[in-house]
Amino acid sequence: MAVTVEMIASKEFKVVSKGYDPPEVDDFLNDICEEMEGLEDDIKQLRSALTKAEAAPAPVVAAPAPREDSSEAAQRLLKNAQRVSDETIADAKAEADKIIAEAKAKADKMLQNAQTESARLTSSLDTLRAAANDYRARFKRLVDDQSHLLNAETELFK
């Protein structure tokens, strides 16, 4: 399936958390569209020039040098234009792959940092729970000891 400027311009991507930056993707696709439109304009101009060249009478030369006919030149020209278009698309795909790889690496690093922070916070929470349980146990012993002393003094006053 040939990719057209209209297909690129109208392509919509889903927005997901930890996905790509939509304005950045849109800007990149716009750059590709502009490049493809320029190439399409070049192809139109070349085809027009070819049509004019084919329609114009060939100058009479005393000893014409061997030259390829206009349809072969047009085919060669179109092949070159297609090659340039293919190279541009391949470059754009390579750039997109690079951006994707960088985004994945950044996301992986962010995930690793979040996991490290989560582990640190869980450890801190466990430490605080242990300290709270220790404080509660000591406070309970103190209350029990005070209650025992109060009961013992009550026995003295009977």
Side-chain angles (χ1 to χ4, degrees), residues 1-140:
M1 174 175 79
V3 177
T4 65
V5 174
E6 291 78 25
M7 290 170 65
I8 294 171
S10 66
K11 179 66 179 168
E12 293 290 329
F13 295 94
K14 292 183 213 169
V15 177
V16 295
S17 65
K18 295 185 183 181
Y20 300 108
D21 181 26
E24 185 177 351
V25 173
D26 289 341
D27 290 344
F28 186 70
L29 290 175
N30 289 337
D31 292 344
I32 292 171
C33 288
E34 289 172 9
E35 182 68 25
M36 286 185 68
E37 287 171 346
L39 292 173
E40 287 176 352
D41 290 342
D42 291 346
I43 291 170
K44 286 177 186 175
Q45 290 175 358
L46 292 172
R47 283 183 177 158
S48 174
L50 177 62
T51 303
K52 288 178 184 177
E54 286 175 341
V60 178
V61 179
R67 98 186 241 235
E68 61 187 353
D69 70 4
S70 59
S71 65
E72 289 176 2
Q75 289 296 325
R76 186 170 42 83
L77 189 60
L78 287 174
K79 285 181 184 177
N80 284 339
Q82 183 63 45
R83 179 185 52 79
V84 169
S85 174
D86 292 344
E87 288 174 358
T88 301
I89 290 171
D91 290 346
K93 286 181 180 177
E95 183 68 20
D97 290 343
K98 178 183 171 187
I99 290 169
I100 289 169
E102 289 172 357
K104 284 182 180 177
K106 187 176 179 180
D108 289 344
K109 184 174 182 178
M110 290 172 67
L111 179 61
Q112 183 181 9
N113 289 344
Q115 288 171 338
T116 301
E117 181 68 8
S118 174
R120 185 188 68 76
L121 291 173
T122 300
S123 176
S124 294
L125 181 61
D126 291 343
T127 301
L128 288 172
R129 282 183 179 154
N133 287 336
D134 180 54
Y135 177 78
R136 181 182 173 139
R138 288 187 306 144
F139 188 74
K140 187 175 180 188

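As a basis for the values below, the full set of heavy atoms in this structure was taken, side chains included, without hydrogen atoms, waters or symmetry mates.
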S.K.: Enter the distance from I32:CD1 to K93:NZ here, rounded to the nearest 0.5 Å.
M.R.: 9.5 Å
S.K.: Are L78 and R47 close enough, and set up right, to give a side-chain contact (heavy atoms from CB on, under 4.5 Å), and what steps lead you there?
M.R.: CA-CA 9 Å; L78 287 174; R47 283 183 177 158; 3.5 Å; yes
S.K.: Which pair of heavy atoms, one from C33 and one from A9, lies closest together, and at what distance?
M.R.: SG-N, 3.6 Å
S.K.: Can you tell me which residue pairs pass the salt bridge (charged side-chain N to carboxylate O under 4.0 Å, His left out) test with a partner in residues 94-106, sequence neighbours excluded?
M.R.: none
S.K.: If you round to the nearest 0.5 Å, how far is CG of L46 from CG of D41?
M.R.: 11.0 Å
S.K.: Suppose the criterion is salt bridge (charged side-chain N to carboxylate O under 4.0 Å, His left out): which pairs have a residue in residues 117-128, not counting sequence neighbours?
M.R.: E117-R120
S.K.: With side-chain contact (heavy atoms from CB on, under 4.5 Å) as the test, would you mind laying out the steps for E35 and D31 before giving the verdict?
M.R.: CA-CA 6 Å; E35 182 68 25; D31 292 344; over 6 Å; no
S.K.: How long is the span from the CD atom in E24 to the CG atom in D26, to the nearest 0.5 Å?
M.R.: 10.5 Å
S.K.: Could you pull out all donor-acceptor pairs under 3.5 Å where a side-chain atom in residues 84-92 meets a protein atom, sequence neighbours excluded?
M.R.:
from : atom 1 : to  : atom 2 : distance (Å)
D86  : OD1    : Q82 : NE2    : 2.8
E87  : OE2    : R83 : NH1    : 3.1
T88  : OG1    : V84 : O      : 2.8

S.K.: Can you check whether K44's main-chain N or O pairs, donor with acceptor, with S48's side chain at less than 3.5 Å?
M.R.: no
S.K.: Can you tell me how far the CG atom of L77 sits from the CG atom of D42, to the nearest 0.5 Å?
M.R.: 10.0 Å
